[in-house]
Amino acid sequence: MNDLAPLLTPEGRALLDAVRGTAPADELAVATRLRREHPAELVSAALGQARLRQRAAAKFGAADAERMFFTPNGVEQSTRGSVATYRAERFRALGVRSVADLCCGIGGDAIALARAGIRVLAVDRDPLTVAVARANAEALGLAGLVEVREADVTGVETAGYDAVFVDPARRGGRGRVFDPEAYSPPLSWAVEAARSAPRAALKVAPGIPHEAVPVDAEAEWISDGGDVKEAVLWFGTGAGAVRATLLPGPRTLLGRGLPDPQVRPVGRYLYEPDGAVIRAHLVAEVAEQLDGGLVDATIAYVTSDELRPTPYASAYEITDRLPFNVKKLKALLREREVGILTVKKRGSAVEPEELRKKVKPQGPNSATVFLTRVAGSPTMLLGHPA
Ligand SMILES: C[S@@+](CC[C@H](N)C(=O)[O-])C[C@H]1O[C@@H](n2cnc3c(N)ncnc32)[C@H](O)[C@@H]1O
């Protein structure tokens, strides 16, 4: 589909209703039937849109996704609803009433901002994407708060807005772009735009090296359901601050600049920090809460004799420790009648699937094995969630 307009006509909307939820296996039959009464092109556009809506449901929830419009790139690049909502709430808590959303895409962030009661100028240079963003604001009843504009963001005047938000395009021809200067627009441009506004947030890839974070920015890593989704550079909130935020929640851990935790012998419990904590380099802050230390200076597993509830790490009770040896592990699993084996690894090149094939777990019990290094030596730690 390269034109949204036909789908927004009464005939287009009726077709969208007719194809809602069509399973891939039924598409051909549905298309054949509908083509008897509607132009073939419109039927395939509606079916294409239905497919995109199904894909988008994971990000936006089915209720919103079924009313929204998408492009293939737009679904892919949009911020998931939970993360966009969290960010919009944070803007609101900072007293922000209006945001220039530069690089709005299909409007994932603009929608969340408007729902937080914030007035939004949403800008994108791609004409179809702009049409989709506009249709989305309308479909969700937010058109009164969202002005969508087709323009290159580098020419947009943002004076008069309380904050600027930039979510640059990060995909090049060959998958993900990791060099922030290869973002469109480049990160250096976004940083200057951020500095010229009272407050700003820039969405960046979670793999951004800490050295690349501007000294006047706060860096926040965000995970949802344990998966790291993005990093955000905030301006006007606290230069040099670092935080890890876990969704749902939100639960936010603030960096205190603690030195790396001490290495200590493996205790009764092993804690696996959330990915956002690890990316934010806040393992020391979690270790301190747990009265724990590291199993190895280079490995982000925390060990402690205390079982303390924390949202920032998953706790496992360790029952066995053995040097890396597949035969010994196999024998131990036999003895324990472990049939369900979860393999976790940090600092090991072994493929979990390969290992599972080799040890052939059998039996009614379950266990978790950690393949890691303990004080420099390849080690297996066996345990279960505490
Ligand atoms: C990652 S997407 C934005 C996703 C959006 N935040 C969302 O949640 O739906 C980046 C967008 O930036 C747009 N873009 C890239 N460079 C641009 C520029 N110089 N001016 C305007 N838009 C630009 C692309 O067209 C793309 O739609």
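Sequence positions, counted from 1, serve as the residue numbers for this chain. Just so you know, ligand 1 is whichever comes first in the structure, and atom 1 is the first atom listed for that ligand.
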Element-labelled atoms of ligand 1 that are located less than 4.0 Å from some non-hydrogen atom of S78:
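So the answer, numbered in order with elements, is 7 (C), 8 (O), 9 (O).
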G108 neighbourhood, listing ligand 1 atoms whose heavy-atom distance to it stays under 4.0 Å:
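Reading through ligand 1 atom by atom, the close ones are 7 (C), 8 (O), 9 (O).
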How far is [atom] from the closest protein heavy atom, and which atom is that?
{"atom": "atom 8 (O) of ligand 1", "value": "T79 N, 2.9 Å"}
{"atom": "atom 11 (C) of ligand 1", "value": "D124 OD2, 3.3 Å"}
{"atom": "atom 19 (N) of ligand 1", "value": "D152 OD1, 3.1 Å"}
{"atom": "atom 20 (N) of ligand 1", "value": "V153 N, 2.9 Å"}
{"atom": "atom 2 (S) of ligand 1", "value": "Q77 OE1, 3.1 Å"}
{"atom": "atom 12 (O) of ligand 1", "value": "C103 CB, 3.2 Å"}
{"atom": "atom 4 (C) of ligand 1", "value": "D167 OD2, 3.3 Å"}

Is the side chain of [X] donor-acceptor paired with the backbone N or O of [Y] at a distance under 3.5 Å, no angle test?
{"X": "S377", "Y": "R373", "answer": "no"}
{"X": "N365", "Y": "R336", "answer": "yes"}
{"X": "R356", "Y": "L341", "answer": "yes"}
{"X": "K330", "Y": "K360", "answer": "no"}

Kindly say whether the aromatic ring centers of W221 and H281 come within a distance under 6.0 Å.
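Centroid distance W221-H281: not below 6.0 Å, so no.
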Inspect the contact between D109 and R80 and indicate whether a charged nitrogen and a carboxylate oxygen are less than 4.0 angstrom apart.
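The answer is no: the pair does not qualify as a salt bridge.
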Should [X] be counted as touching ligand 1, given the test is an N or O pair under 3.5 Å?
{"X": "F165", "value": "no"}
{"X": "S184", "value": "yes"}
{"X": "D101", "value": "no"}
{"X": "T129", "value": "no"}
{"X": "D126", "value": "no"}

Is there a heavy atom of [X] sitting under 4.0 angstrom from any atom of ligand 1?
{"X": "V123", "answer": "no"}
{"X": "T154", "answer": "no"}
{"X": "A110", "answer": "no"}

Would V266 and L382 show up in the same hydrophobic cluster when neighbours are defined by side-chain heavy atoms closer than 4.5 Å?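 No, no single cluster joins them.
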Within the structure provided, determine whether [X] and [Y] are in side-chain contact (heavy-atom separation under 4.5 Å).
{"X": "T379", "Y": "F324", "result": "no"}
{"X": "Y301", "Y": "Y316", "result": "no"}
{"X": "D124", "Y": "E150", "result": "no"}

Between R125, K59, R170, which one has a non-hydrogen atom sitting closest to atom 18 (C) of ligand 1?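 When every heavy atom of R125, K59, R170 is considered, R125 comes closest to atom 18 (C) of ligand 1.
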Does NZ or CZ of R53 lie under 6.0 Å from the centre of the six-membered ring of F69, at an angle within 45° of the ring axis?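 Yes, a cation-pi geometry.
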> Honestly, is R90 close enough over W234, meaning NZ or CZ under 6.0 Å from the six-membered ring centre and within 45° of the axis?
Replying inline: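 Judged by the rule, R90 and W234 form a cation-pi pair.
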Just let me know how A151 lines up against ligand 1, side chain, backbone, both or neither, with a heavy-atom cut-off below 4.0 Å.
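Contact part for A151 vs ligand 1: backbone (N, CA, C, O).
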Tell me which part of C104 gets within contact of ligand 1: side chain, backbone, both or neither, using heavy atoms under 4.0 Å.
->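 It is the backbone that gets close, since no side chain atom is under 4.0 Å.
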